[in-house]
Amino acid sequence: KGNPFALGDAYAARDKKTLWLLLVKELESGVAPEAVAGLLWWQLKTIRLAALTKNAAEAGMNEFPYKKAQGALRKYSLEEIEQLAHKLLVLYHDAHAGKGDMARGLERWCLGV
């Protein structure tokens with residue numbers, strides 16, 4: 001298995017191509033789409049938290065991931081983060097309700113970043 005956190009880093013860098021390639025690699029290696037969605041959800045929450053707080057202590061986070069999340073805010077607005085989070089949440093629930101394939105939905109989501 002690869003480094004799943006590389007997906008979060010590619011997302012934070014707004015590197016659509018790398019994000020998609022890493023997603024496909026993870027899925028082909030047998031990682032569950034739910035695990036990938038969870039990692040992306042964590043990244044979105046971290047970036048949003050960094051946007052809404054003044055420092056790592058206020059966010060209840062360690063300094064390293066907080067600084068990385070702050071760096072992502074140079075690539076995304078808070079509104080974009082919230083829209084992408086909503087789309088990811090809907091994708092997750094729709095897939096579990098039988099309204100689509102989560103792996104394909106994640107690919108579309110990544111390509112829409």
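Numbers for residues simply follow the sequence, beginning at 1.
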Looking only at heavy atoms, which two atoms of Ile47 and Ala72 are closest? And how far apart? CD1-CB, 3.5 Å
With Leu27 as reference, evaluate Leu23, Val31, Val24 under the side chain to side chain contact (heavy atoms under 4.5 Å, CB included) test and give the passing residue. Leu23
Approximate separation, where rounding is to 0.5 Å, of Asp15 CG and Cys110 SG: 11.0 Å
When you look at CH2 of Trp20, are more than 12 heavy atoms from neighbouring residues, nucleotides or ligands closer to it than 6.0 Å? no
Min side-chain heavy-atom separation Leu40-Leu19 under 4.5 Å: yes
If you group Ile, Leu, Val, Met, Phe, Trp and Tyr by side-chain heavy-atom gaps below 4.5 Å, do Leu49 and Leu44 land in one group? no
Does the separation of the ring centres of Trp42 and Tyr11 fall below 6.0 angstrom? no
As an exercise, state the distance from NZ of Lys25 to OG1 of Thr18, rounded to the nearest 0.5 Å. 11.5 Å
Could you check whether any side-chain heavy atom of Leu78 comes within less than 4.5 Å of a side-chain heavy atom of Leu52, counting everything from C-beta outward? yes
Report yes or no: does Asn55 contribute a side-chain atom to a donor-acceptor pair with the main-chain N or O of Ala57 at less than 3.5 Å? yes
Do Phe5 and Trp41 land in one hydrophobic cluster if side-chain heavy atoms of ILVMFWY residues count as linked below 4.5 Å? yes
Working to the nearest 0.5 angstrom, can you tell me the gap between Glu80 CD and Leu73 CG? 10.5 Å
What's the separation between atom CG in Asp9 and atom NZ in Lys68, rounded to the nearest 0.5 Å? 3.5 Å
For the student: nearest non-hydrogen atoms of Met61 and Thr46, plus distance: CE-CG2, 3.1 Å
Can you get from Tyr66 to Tyr76 by hopping between Ile, Leu, Val, Met, Phe, Trp and Tyr side chains that sit under 4.5 Å apart? no
Using side-chain heavy atoms (C-beta onward) and a distance below 4.5 Å, is Val36 in contact with Met102? no
Ring pair (Phe, Tyr, Trp, His ring centres under 6.0 Å): which pairs involve residues 85-104, sequence neighbours left out? Tyr92-His96
Atom NZ in Lys87, atom CH2 in Trp109: separation rounded to 0.5 Å? 10.0 Å
Would a hydrophobic clustering, with Ile, Leu, Val, Met, Phe, Trp and Tyr connected at side-chain separations under 4.5 Å, put Leu39 with Leu89? yes
Nearest 0.5 Å, please: how far is CD in Glu63 from CD in Gln70? 7.5 Å
Where Thr53 and Ala59 come nearest, the two heavy atoms and their spacing: OG1-CB, 3.6 Å
So, do Lys17 and Leu21 sit near enough that their side-chain heavy atoms are less than 4.5 Å apart? yes
What closest approach, in Å, do Leu22 and Ala10 show between heavy atoms, and which atom pair accounts for it? CD1-CB, 4.2 Å
Would you name the heavy atoms of Ala69 and Ala50 that are closest together and state the gap between them? CB-CB, 3.7 Å
Kindly give the heavy-atom pair with the smallest separation between Val113 and Lys16, and that separation in Å. O-CE, 3.6 Å
